[in-house]
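These notes concern the structure reproduced below.
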Amino acid sequence: MHMVLADSSGSSLLETMTYGAAYAPKQMERVLRRSQADTVVEKVGLDRTAANFRAGTASTDATIPVTNQDIVDAAHALLVMEEFFVGSSSAMKMAVAMQVLQEMDAKDTDAERRVVLTTICDGFHK
């Protein structure tokens with residue numbers, strides 16, 4: 001089993017996992033032009049970590065960056081293909097799940113053993 005962390009645009013989780021510091025390159029002096037949380041995902045993209053996040057970092061195998069467009073595309077795909085109208089957090093998680101599955105396909109992983117699991121944690125109601 002592998003656990004993957006989704007890192008949305010404007011977030012600093014990739015840097016936190018890689019370098020141990022919550023810092024996003026977009027925050028560099030003279031570079032920051034917009035809000036640090038420049039993402040379509042509400043309450044995602046912060047540059048701080050909570051105790052529950054820090055507790056799970058040892059179990060995380062990879063961090064995958066997700067663009068706003070990836071999130072929108074995943075939400076649209078879920079609506080069109082599955083008739084699920086999901087919120088942005090669920091769309092972000094599905095975008096990463098689809099990327100992981102594509103990576104598994106590229107590695108010719110045994111199709112019967114390929115399982116990617118995520119949760120649909122929010123709807124479109126917000």
Side-chain angles (χ1 to χ4, degrees):
M1 181 170 91
H2 298 284
M3 185 164 76
V4 177
L5 172 69
D7 187 34
S8 67
S9 300
S11 174
S12 61
L13 296 180
L14 179 63
E15 285 76 15
T16 301
M17 295 298 292
T18 305
Y19 306 112
Y23 171 79
K26 293 178 184 176
Q27 295 172 316
M28 287 182 2
E29 198 171 322
R30 297 187 185 155
V31 172
L32 183 62
R33 293 197 175 119
R34 293 192 198 167
S35 167
Q36 294 175 17
D38 185 21
T39 180
V40 297
V41 185
E42 181 182 348
K43 304 258 192 255
V44 173
L46 302 176
D47 59 355
R48 62 179 175 77
T49 60
N52 62 344
F53 173 81
R54 290 188 299 274
T57 57
S59 303
T60 304
D61 299 301
T63 305
I64 298 178
V66 187
T67 66
N68 286 336
Q69 191 61 54
D70 293 335
I71 295 167
V72 171
D73 291 346
H76 189 256
L78 282 170
L79 180 60
V80 170
M81 292 186 231
E82 303 294 337
E83 297 182 3
F84 289 159
F85 196 8
V86 301
S88 55
S89 296
S90 293
M92 179 178 67
K93 292 164 67 174
M94 284 303 299
V96 168
M98 291 188 296
Q99 286 183 36
V100 168
L101 188 57
Q102 288 172 348
E103 289 173 12
M104 293 170 87
D105 284 343
K107 293 178 184 176
D108 286 330
T109 307
D110 182 12
E112 292 183 16
R113 295 185 54 167
R114 283 189 316 217
V115 175
V116 177
L117 176 69
T118 190
T119 57
I120 303 296
C121 56
D122 62 348
F124 65 94
H125 304 91
K126 294 181 184 179

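Note that the structure is predicted; figures quoted are calculated from it, not measured. What's counted below: heavy atoms across the whole structure, side chains too, no hydrogens, waters or symmetry copies.
- Under the 4.5 Å side-chain contact rule for hydrophobic residues, M104 and V96 share a cluster.
- Taking CE from M92 and CG from N68, the interatomic distance works out to 10.5 Å, rounded to the nearest 0.5 Å.
- Residues forming a side chain to side chain donor-acceptor pair (under 3.5 Å) with E82 (at least two apart in sequence, or on another chain): none.
- Of all heavy-atom pairs spanning V86 and A91, the tightest one is CG2-N, 4.0 Å.
- A donor-acceptor pair is defined here as one N or O able to donate and one able to accept, closer than 3.5 Å; such a pair exists between the side chain of S90 and the backbone of C121.
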Donor-acceptor list for residues 55-64 side chains, cut-off 3.5 Å, not counting sequence neighbours:
{"from": "T57", "atom 1": "OG1", "to": "R54", "atom 2": "O", "distance (Å)": "2.9"}
{"from": "T60", "atom 1": "OG1", "to": "G56", "atom 2": "O", "distance (Å)": "3.2"}
{"from": "D61", "atom 1": "OD2", "to": "M3", "atom 2": "N", "distance (Å)": "2.7"}

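- When hydrophobic clusters are built by joining Ile, Leu, Val, Met, Phe, Trp and Tyr residues whose side-chain heavy atoms come closer than 4.5 Å, directly or via intermediates, V116 is not grouped with M98.
- A heavy-atom distance below 4.5 Å is found between the side chains of M94 and I120.
- Using a distance-only test at 3.5 Å, with no hydrogens or angles considered, no donor-acceptor pair links the side chain of D73 to the main chain of D70.
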